[in-house]
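Report on one structure; see the data block that follows.
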Amino acid sequence: MTTTPHRTRLIATDLDGTLLGGNGTVSDRTAAALAAAEAAGIQVVFVTGRPPRWMQQLSSHIGGHGVAICSNGGAVVDVRRGELLETFPLSGEDVRALITTLRGALPGISFAFECPNGWAREPGYQLRMWGDDQEHAVATAEELLADGRVDGLFKLLAKHPTLAPDTFLTEARRAAGHLAEITRSAPISMVEISALGVTKASTLETWCREQGIDRTEVVAFGDMPNDLEMLAWAGTSYAVANAHPDVLAAVAQHTVSNEDDGVAAVLEELLAQG
């Protein structure tokens with residue numbers, strides 16, 4: 001049952017594991033629901049952990065504004081134009097402190113960097129995600145920071161070779177949560193790090209304020225720990241059935257899984273209500 005006590009003016013949806021199927025594509029049903037929402041005057045904003053460089057294939061589904069919130073709130077991008085509109089970078093001092101602290105607490109950790117001019121990684125940071133084969137610099141974190149190749153960094157990523165994903169997140173937060181926002185969205189032992197105070201919720205709130213949209217007019221969808229702040233902020237929120245246990249526990253309203261077009265199912269009911 002869809003419960004939206006206020007007029008809906010904006011849909012904020014995560015992508016992987018939420019809107020997209022396991023193959024990373026938008027189903028015909030979901031594409032039709034997104035288009036119908038836009039036609040009804042409802043903005044659809046993608047709010048994702050993906051970096052801007054992974055967004056181009058979704059340009060046909062992004063709606064009239066053409067804008068996505070990427071890297072867990074660290075970047076706002078005009079997808080069609082391939083242009084970064086705004087970033088919320090970590091300071092070089094904070095990045096150095098994070099790397100030193102996390103290396104000391106979690107031996108074996110390795111890092112990668114998302115920044116305005118692309119991405120870079122340490123030699124020990126194994127390539128496991130699609131898109132990782134794009135051209136990029138490979139050097140130690142200290143070398144990359146020293147020569148300016150990762151200036152403007154808006155997302156730091158870290159992998160661990162042996163810790164379970166949730167354990168890695170817990171331990172990383174325990175060691176360095178006072179320095180930055182640390183979360184996870186992938187099924188592997190990888191954490192994603194943004195500047196302190198920068199989350200999906202913070203950047204979505206800024207976007208909505210600029211559009212004159214109140215949080216009570218926002219319906220949000222998600223599946224992983226990096227969605228929790230956004231789901232708590234939005235006036236109405238849904239977890240898809242395949243969501244992480246922490247998300248299912250935190251969000252009162254659930255929809256069917258991403259493979260069963262859970263976002264589309266809610267949008268169809270919303271639109272039918274007028």
Side-chain angles (χ1 to χ4, degrees), residues 1-21 25-50 55-70 72-73 75-81 85-86 199-223 226-241 243 247 251-258 260-274:
M1 179 70 178
T2 301
T3 304
T4 50
H6 300 272
R7 174 190 174 201
T8 300
R9 295 183 60 199
L10 186 141
I11 301 297
T13 181
D14 174 54
L15 292 176
D16 298 286
T18 301
L19 185 79
L20 307 182
T25 64
V26 178
S27 71
D28 290 344
R29 180 185 178 187
T30 295
L34 295 175
E38 288 278 352
I42 301 172
Q43 277 197 31
V44 177
V45 177
F46 297 157
V47 190
T48 178
R50 288 186 178 209
M55 293 299 297
Q56 195 56 49
Q57 75 276 20
L58 294 168
S59 62
S60 61
H61 304 290
I62 205 159
H65 51 78
V67 171
I69 295 170
C70 295
N72 295 328
V76 181
V77 61
D78 184 318
V79 174
R80 294 198 186 94
R81 295 168 60 188
L85 301 178
E86 189 170 13
T199 65
K200 288 187 174 187
S202 67
T203 305
L204 177 62
E205 181 178 14
T206 298
W207 171 266
C208 289
R209 185 170 59 248
E210 292 169 351
Q211 304 292 311
I213 296 172
D214 189 80
R215 60 182 291 273
T216 60
E217 300 172 309
V218 177
V219 178
F221 298 85
D223 75 310
N226 65 325
D227 295 313
L228 284 168
E229 293 88 354
M230 175 178 73
L231 296 171
W233 176 82
T236 304
S237 293
Y238 291 85
V240 287
V247 177
V251 179
Q253 297 191 93
H254 299 170
T255 183
V256 294
S257 74
N258 64 321
D260 293 323
D261 298 308
V263 174
V266 175
L267 292 185
E268 289 163 358
E269 191 170 344
L270 263 177
L271 293 168
Q273 293 174 356

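Heavy-atom basis, side chains included; hydrogens, waters and symmetry copies ignored. Starting from 1, each residue takes its place in the sequence as its number.
Judged by distance alone, the side chain of Arg9 and the main-chain N or O of Gly212 form a donor-acceptor pair under 3.5 Å. Judged by distance alone, with hydrogens and angles left aside, the side-chain atoms of Thr236 form no donor-acceptor pair with the main-chain N or O of Val219 at under 3.5 Å. A distance-only check finds a donor-acceptor pair linking the side chain of Asp78 to the backbone of Arg81 [under 3.5 Å].
Between Leu34 and Leu19, the closest side-chain pair of non-hydrogen atoms falls below 4.5 Å. Looking only at side-chain heavy atoms (C-beta outward), Ile42 and Leu10 stay at 4.5 Å or farther from each other. Residues Leu228 and Met230 have side chains not in contact (no heavy-atom distance under 4.5 Å, counting atoms from C-beta outward). Considering only heavy atoms from C-beta on, Leu20 stays 4.5 Å or farther from Thr25 through its side chain. Side-chain contact between His65 and Glu38: present, with at least one pair of heavy atoms (C-beta onward) separated by less than 4.5 Å. Counting only heavy atoms from C-beta outward, the side chains of Asp14 and Val263 never approach each other to under 4.5 Å. Contact of the Arg29 side chain with the Glu268 side chain is registered, since non-hydrogen atoms from C-beta on lie closer than 4.5 Å. The shortest side-chain heavy-atom distance between Ile69 and Val45 falls under the 4.5 Å cut-off.
Minimum interatomic distance between Val47 and Lys200 (heavy atoms only, all atoms of both residues): O-NZ, 3.0 Å. For the pair Ala239 and Val247, the tightest heavy-atom approach, listed with the atom from each and the gap, is CB-CG1, 3.8 Å. When all heavy atoms of Ala37 and Leu271 are compared, the pair lying nearest together is N-CD1, 3.8 Å. Here the closest non-hydrogen pair linking Val79 and Ala68 is CG2-CB, 3.9 Å. Taking every heavy atom of both residues into account, Ala232 and Arg215 meet most closely at O-NH2, 3.7 Å. For the residue pair Gly222 and Leu231, the shortest heavy atom distance occurs at N-CD2, 3.7 Å.
Remark: the Asn258 side chain and the Thr18 side chain contain no N/O donor-acceptor pair separated by less than 3.5 Å. Counting only N and O atoms by type, the side chains of Gln43 and Trp207 include a donor and acceptor under 3.5 Å apart. Using a 3.5 Å distance cut-off with no hydrogens or angles, the side chains of Thr203 and Thr206 do not pair a donor with an acceptor.
Just one residue in the list Leu15, Val266, Asp227, Val251 forms a side-chain contact (heavy atoms from CB on, under 4.5 Å) with Phe221, and that residue is Val266.
The distance from atom NE2 of His61 to atom OG1 of Thr30, rounded to the nearest 0.5 Å, is 9.5 Å.
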Please test Arg50 against Cys70 for side chain to side chain contact (heavy atoms under 4.5 Å, CB included), starting from the C-alpha separation and ending with a verdict.
CA-CA 6 Å; Arg50 288 186 178 209; Cys70 295; 5.6 Å; no
In sequence, state the C-alpha distance, the side-chain angles, and the governing distance for Thr8 and Glu217, and then conclude on side chain to side chain contact (heavy atoms under 4.5 Å, CB included).
CA-CA 5 Å; Thr8 300; Glu217 300 172 309; over 6 Å; no
Could you walk me through whether Val218 and Trp233 pass the side chain to side chain contact (heavy atoms under 4.5 Å, CB included) test, one step at a time?
CA-CA 9 Å; Val218 177; Trp233 176 82; 4.0 Å; yes
Stepwise, does the side chain to side chain contact (heavy atoms under 4.5 Å, CB included) test hold for Thr48 with Asn72?
CA-CA 6 Å; Thr48 178; Asn72 295 328; over 6 Å; no
